[in-house]
Amino acid sequence: MRRFTWFNATSLTLGFAFLYLPITLLVIYSFNGGRNVAVWGGFSTKWYGELVQNEAFLDAAWVTLKVAAFSSTIATVLGTMAAYVLVRGGRFHGRTLFSGMIYAPLVMPEVITGLSLLLLFIGIGFDRGILTIILAHTTFSMCYVSVVVSSRLVSFDRSLEEAALDLGCSPLSAFRLVTLPIIAPAVIAGWLLAFTLSLDDLVIANFASGPSATTLPMKIWSAVRLGVSPEINALSTILIGIVTVGVITASLVSKRAAVKRQRDEQAAVAN
Amino acid sequence: MTAPTEFHPWNDPQAKPLIRFQNVTKRFGEFTAIDKISLDIFAKEFFALLGPSGCGKTTLMRMLAGFEDPTEGAILLDGADIAGVPPNKRATNMMFQSYALFPHLSVFDNVAFGLRRDRLPKDQVQARAEEMIALVQLGPFANRKPHQISGGQRQRVALARALAKAPKLLLLDEPLGALDKKLRQETQFELMDIQEKTGTTFVIVTHDQEEAMTVASRVAVMDHGKIVQVATPDAIYETPNSTYVADFIGDVNIISGGADPVDGKIGIDWAEGQPPLTGICEQDIAKGETVFMAVRPEKVAISSEKPADRSNVVAGKVHDIAYLGNISTYYVQLSGGQIIKAQTANTRRIARRDFTWEDDVWLSWTDTAGVVLRQ
Ligand SMILES: Nc1ncnc2c1ncn2[C@@H]1O[C@H](COP(=O)(O)OP(=O)(O)OP(=O)(O)O)[C@@H](O)[C@H]1O
Ligand SMILES: [Mg+2]
């Protein structure tokens, strides 16, 4: 049994304070009744009310949701396909290179990704707007999906697909009827991850967007530069809420799936 | 042509095999899993593959099912090379050694999976799947998922799923290993029944020689990717072509010595100062060559008096007795130290056994009981 010590308690408190104090403050101040962000002026939800009436913020929120929904869905389709080919495609030429390259965008500084996308869009003469943000977000979140899905596929018993083929499935219907239902939790987790990443993103959206489309993080960023308003605090609190729910759902889905998978796989394999 | 009751297409030079392996080699990287196999399997055969773990049985089946292509050589089905025909376009079904049940589908849906792919009408799918589930006695479990049933039940689901489509060729990779003896025998008879009714050709992998003996029309014994012998079960048992086969199928005594051919039989000088032992031989053997006599324990008689009328007689001492219920095996040590097993049926109660430990006994067998082998 681990015992309670002052050292443990202190490091735990410090660690979590470090992580969550700023966020907690932000959440608390979003309920501040006063106009001055730094002075507590009593509890109130009026900033939430004002927020709902702020057209610019609502527009930005709508753009953000659309971008997140489209980009995460496209990224999930592409990322799953990439994972499938890389794990299942046999040993084709350059597979190791491709698998390595899938991971590269994960460690690439966002500024560089954003800049290169900007250059590309300018180069091919794309008008920057919501479409380019969707494309840009798809690009970087696709590799996250692909990593999540391929880690699931690696432990996937190949003979299940062979059995499906043997029983008369075409490769495509074997994927649809056997592989996809079994890896679905990983695909959903990947989608949620891509969705949250897209909600969060500021840097890449900044590069990829044009005057016609502004996402919420961009809106917040530009508003904050003019001075922090309690309204921004309220907005940020809502965003934090959405992201938290997304992340928790994603981890719950994949955890439950992991438990179930273990059980099923023990079952599907001969004792 | 042979009479209809006698099924020996392999003896008929006119007969066309259903499957023909032509010098098939399969390599995984540097490793040779199947080594220049040539083999004919005829329609309606029940062909058993026997061999130690890792000898290439599953690989051979996977090539038939279409999951692997031969590195060299060709596999012909009805005379046509099947290389490149994908698994879903082959009239074969395979039961996987690992079962490969679909974990997200119920027992019923697993069994019905292949039928649905053929776009059969719903009621036919239903009827056929139910029939198969009843056949493997899983009716009460039809709605369970694979992780909710036992290992033996899973094996039966896998079997039912492979049987459901009644394919031309059925590949069963250790289909009955997890079943208890009674259920296994019942299922063996079911398989033979299905085979008789539908005329399906079976290729079955088994580790159980009794099973191979019961169901198979022919048995192939494999070793390290090669086929050592292909023959009917009784021929494999009575006239193995090597001590490897003799030893792999059933229990056997091996006695080695220099050959001394006389009148179509072979004598073996197996020990100094002892009369030679005689056995039959189907190979050409030169005088003096080192050969091995394989003789089954149940063909060796044990007696307290020296038998006068048997051609092979040796003296020894009872070293150990294994009581197996219906039979007993006596381990008799010869003066040279070698141990020979003799088996007798226990027709009397054990208390009235004739021999006990350390008794001096005589072992004897006829001159046709032992098979003389070169290796
Ligand atoms: N995909 C593969 N890559 C490399 N080696 C393989 C592969 N599949 C099989 N082998 C090797 O080929 C040999 C034959 O394998 P196979 O599965 O056919 O054996 P088996 O006779 O079915 O054995 P068991 O009775 O244990 O099932 C083994 O040594 C195995 O390690
Ligand atoms: Mg095997």
Side-chain angles (χ1 to χ4, degrees), chain A residues 80 84-85 87-93 95-96 149 152-189 253-271, chain B residues 29 58 61-62 64-68 86-105 107 109-120 144-155 157-158 161-165 167 169-171 173-175 177-178:
Chain A
T80 305
Y84 191 80
V85 172
V87 175
R88 280 284 184 275
R91 258 181 273 150
F92 60 86
H93 218 65
R95 190 179 90 152
T96 325
V149 173
R152 174 65 188 93
L153 278 174
V154 165
S155 67
F156 186 94
D157 183 4
R158 182 89 222 248
S159 62
L160 293 179
E161 279 162 10
E162 289 177 341
L165 292 177
D166 188 62
L167 292 165
C169 277
S170 65
L172 197 67
S173 57
F175 180 79
R176 189 170 56 85
L177 294 168
V178 174
T179 316
L180 196 55
I182 298 175
I183 64 165
V187 175
I188 293 170
V253 166
S254 51
K255 183 154 179 207
R256 258 203 15 221
V259 172
K260 182 165 175 291
R261 175 172 85 230
Q262 216 173 13
R263 209 181 54 199
D264 286 356
E265 263 166 17
Q266 278 166 356
V269 166
N271 32 350
Chain B
T58 300
M61 290 217 162
R62 289 174 58 81
L64 283 173
F67 303 129
E68 313 277 2
N88 50 324
K89 298 271 160 53
R90 295 192 183 188
T92 60
N93 283 137
M94 172 152 169
M95 174 186 166
F96 290 72
Q97 195 171 11
S98 64
Y99 312 158
L101 300 180
F102 304 129
H104 58 300
L105 298 180
V107 167
D109 290 332
N110 263 284
V111 176
F113 190 91
L115 302 167
R116 293 193 173 129
R117 301 290 82 72
D118 285 352
R119 306 195 185 286
L120 292 179
R144 296 214 191 159
K145 293 278 177 68
H147 66 88
Q148 293 166 322
I149 55 178
S150 77
Q153 289 166 341
R154 271 176 227 140
Q155 192 168 42
V157 177
R161 188 178 69 179
L163 292 173
K165 291 181 81 167
L169 173 63
L170 250 174
L171 309 166
D173 202 343
E174 292 200 45

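Just so we're on the same page: letters track the sequence lines, and every chain starts at 1. What you are looking at is a predicted structure, and each value in this text was computed from that prediction instead of being measured.
- Of the listed residues (A:Val178, A:Leu177, A:Asp166), the greatest number of heavy-atom pairs within a distance under 4.5 Å of chain B belongs to A:Asp166.
- With hydrogens and angles ignored, the 3.5 Å screen pairs no side-chain donor or acceptor of B:Arg154 with any backbone N or O of B:Leu101.
- Of the inter-residue distances, the one linking A:Leu153 atom CG with A:Ile182 atom CD1 reads 10.5 Å to the nearest 0.5 angstrom.
- With sequence neighbours excluded, no residue forms a side-chain hydrogen bond (donor to acceptor under 3.5 Å, both in side chains) with A:Arg176.
- Look at B:Asp173 and B:Arg62 and you find no salt bridge, because none of the NZ, NE, NH1 or NH2 atoms lies under 4.0 Å from a carboxylate O.
- Contact annotation for B:Arg161: both backbone and side-chain heavy atoms come within less than 4.5 Å of a heavy atom of chain A.
- Both the backbone and the side chain of A:Ala164 have a heavy atom closer than 4.5 Å to some heavy atom of chain B.
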